[in-house]
Student: 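Structure below; questions to follow.
Indexing begins at 1, ligand by ligand and atom by atom, following the structure's order.
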Amino acid sequence: MSKDLLDYVKKGVQSLSPYEPGRPIDEIKREYGLSEVIKLASNENPFGPSPHVQQAIADAAGQIALYPDGNGFVLKNVLAAEHDIDPSRITLGNGSNDVLCLLSQVFLGPGTNAVMSRYGFAVYSLAANGLDAEMIVAEAQASDSDMPYGHDPETLASAVNDNTRIVFIANPNNPTGTWLDADAIEGLIQRIPSHVLVVLDEAYREYLDPALRPDSRSWLDRYPNLVITRTFSKAYALAGMRVGYALSSPAIADRVNRVRQPFNVNSVGMVAAAAALSDRDHLDKTLKHNADELPRMQRELEALGCTALPSQTNFQIFDVGRHCRPVFQGLLEQGIIVRPMDGYGLPNQLRATIGTTEENNRLLAALPKALEKTA
Ligand SMILES: *Cc1c(COP(=O)(O)O)cnc(C)c1O
């Protein structure tokens, strides 16, 4: 009997659905014959990168015939100074997504599992299932609680069993925008056995109200099983450059380094990231704008009859009171790309990035029409 190649695809891979990214602007222009399209789908920084970054990228372009520094010496040293940590405790990644996958590769395989919250970041289960590990999903907080769909430290801690190797916690979380306070996170870390890796994904950390921003760096010294991941893709406006990193114990960094591609982070990206870190004004401008626009969007969305959930990020999910897909479609037709949340088990929710004031106004102006058409 002849054998079929595809029967040998690993079970975990067979069961995966590919990650559904935000639709690209050019694709929507082509598909709908539109000349003006805005993307509020992937939590990108609407101001773009700082002028310093653009200059640094131009300067670095001449170097791209050479392989990057595989050890990322310069960027690691900049980050080491920023976080008061030894460079041996930093792992650079091709986006923090890369770091999440590398950590999974080190700790997960058949017979093991990872734990995440329902409505947690989709990449965690892709990483785990792709390695034939199981993903245990802990129930989130109720939709009528103070923090609808947010992480529940209780269910997360009690989901851990003998085969658990990683607990993934995003704070704040994507796609919900919800957060836990510092004591709740530290309490949760304390309840996870020390032989289980805790991955605290702080992709949106910068957007947290400073009063809610945990001193997570200090936890690293108390909890050797903790890894913190950060990214340049969101507040630092470098999503297209693909640079993220992890802070951990030197031992964990060493194990990750064994499976890492030798040149996983490109040379231009590393230069851009270092330049982005040095432009504090651009970051402040980004955060100030978001702090003004997020509550305005919440009010305006509510005024249009939607329900806006609490958020401490640069995006907002909102309940449109019907299935989100036709509304998503109605916005696309008007040149506005947001993100439908049905794939996350939130069929009535859309997620929109906080854009420039003008982009936000365009969304607010287009939404009534999209809602009307689908009423
Ligand atoms: C965007 C995001 C990331 C970061 O992705 P990069 O690979 O760094 O671009 C990580 N975690 C969450 C929860 C995110 O939303």
Side-chain angles (χ1 to χ4, degrees), residues 19-22 24 39-46 48-49 53 72 75 79 90-105 114-128 130 135 137 140 149-151 156 166-180 185 198-208 216 227-247 256 260-261 264-266 268-270 272-273 276-277 286 290 311-317 338-339 341 343-344 346 349 351-354:
Y19 182 82
E20 191 193 337
K39 183 181 177 209
L40 299 173
S42 303
N43 311 338
E44 293 137 332
N45 183 328
V53 166
L75 179 56
L79 288 168
I90 301 173
T91 301
L92 300 180
N94 187 35
S96 54
N97 196 324
D98 184 28
V99 176
L100 296 168
C101 291
L102 290 168
L103 290 162
S104 300
Q105 230 178 299
V115 169
M116 69 183 278
S117 181
R118 189 173 298 286
Y119 320 118
F121 190 40
V123 161
Y124 309 148
S125 39
L126 283 173
M135 179 55 82
V137 176
Y149 311 115
H151 297 341
L156 281 163
I166 302 182
V167 177
F168 289 102
I169 307 163
N171 190 67
N173 183 50
N174 174 24
T176 57
T178 50
W179 66 96
L180 288 169
I185 301 172
V198 178
V199 176
L200 180 61
D201 178 346
E202 296 194 312
Y204 301 95
R205 170 188 176 81
E206 292 82 2
Y207 293 101
L208 276 165
S216 49
V227 177
I228 295 170
T229 63
R230 301 267 177 93
T231 183
F232 286 95
S233 298
K234 308 285 160 56
Y236 290 102
L238 295 183
M241 277 282 147
R242 313 302 307 127
V243 187
Y245 61 98
L247 307 175
V256 174
R260 182 178 66 82
Q261 279 185 46
N264 62 330
V265 189
N266 73 82
V268 181
M270 286 193 280
L277 263 184
T286 296
N290 198 76
S311 172
Q312 283 283 329
T313 60
N314 65 337
F315 58 85
Q316 179 65 48
I317 65 170
V338 295
R339 200 76 160 263
M341 289 289 113
Y344 273 92
L346 296 167
Q349 306 270 353
R351 192 192 69 196
T353 310
I354 304 303

Student: Pull out every atom of ligand 1 sitting under 4.0 Å from any heavy atom of Ala203, numbered as shown with elements.
Tutor: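 Once the distances to Ala203 are compared, the set is 2 (C), 3 (C), 10 (C), 11 (N), 12 (C), 14 (C).
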Student: Just wondering, do Ile354 and Tyr207 contact through their side chains at under 4.5 Å, heavy atoms?
Tutor: no
Student: What residue and heavy atom of the protein are closest to atom 5 (O) of ligand 1, and at what distance?
Tutor: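 Going atom by atom, the protein heavy atom closest to atom 5 (O) of ligand 1 ends up being Ser96 OG, 3.6 Å.
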Student: Identify the heavy atoms of Met116 and Leu156 that sit nearest to each other, and give their distance.
Tutor: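 Result for this residue pair: C-CD2, 3.7 Å.
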Student: Looking only at heavy atoms, is any part of Tyr204 under 4.0 Å from ligand 1, and if so is it the side chain, the backbone, or both, or is it neither?
Tutor: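 For Tyr204, only side-chain atoms sit under 4.0 Å from ligand 1.
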Student: Without swapping roles, check the side chain of Asn45 against the backbone of Leu238 for a donor-acceptor pair under 3.5 Å.
Tutor: no
Student: Give the atom numbers and elements of ligand 1 that come within less than 4.0 Å of a heavy atom of Lys234.
Tutor: 1 (C), 2 (C), 3 (C), 4 (C), 14 (C), 15 (O)
Student: Which ligand 1 atoms are under 4.0 Å away from a heavy-atom of Ser233?
Tutor: 6 (P), 8 (O), 9 (O)
Student: Does Asn266 use its side chain to pair, donor to acceptor, with the backbone of Met241 at less than 3.5 Å?
Tutor: yes
Student: Which atoms of ligand 1 sit under 4.0 Å from any heavy atom of Arg242?
Tutor: 6 (P), 7 (O), 9 (O)
Student: Any luck finding a side-chain donor-acceptor pair between Asn43 and Arg339 under 3.5 Å?
Tutor: no
Student: Which atoms from ligand 1 have a heavy atom of Gly95 less than 4.0 Å away?
Tutor: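 Counting from 1, the qualifying ligand atoms are 6 (P), 7 (O), 8 (O).
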Student: What atoms in ligand 1 come closer than 4.0 Å to a heavy atom of Asn174?
Tutor: 13 (C), 14 (C), 15 (O)
Student: Considering only non-hydrogen protein atoms, determine which one is nearest to atom 11 (N) of ligand 1 and report residue, atom name and distance to 0.1 Å.
Tutor: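 For atom 11 (N) of ligand 1, the nearest protein heavy atom is Asp201 OD2, 2.6 Å.
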Student: Answer whether the closest heavy-atom distance between the side chains of Asn174 and Arg351 falls below 4.5 Å.
Tutor: yes
Student: Is there a donor-acceptor pair closer than 3.5 Å between any side-chain N or O of Asn314 and the backbone N or O of Ala235?
Tutor: no
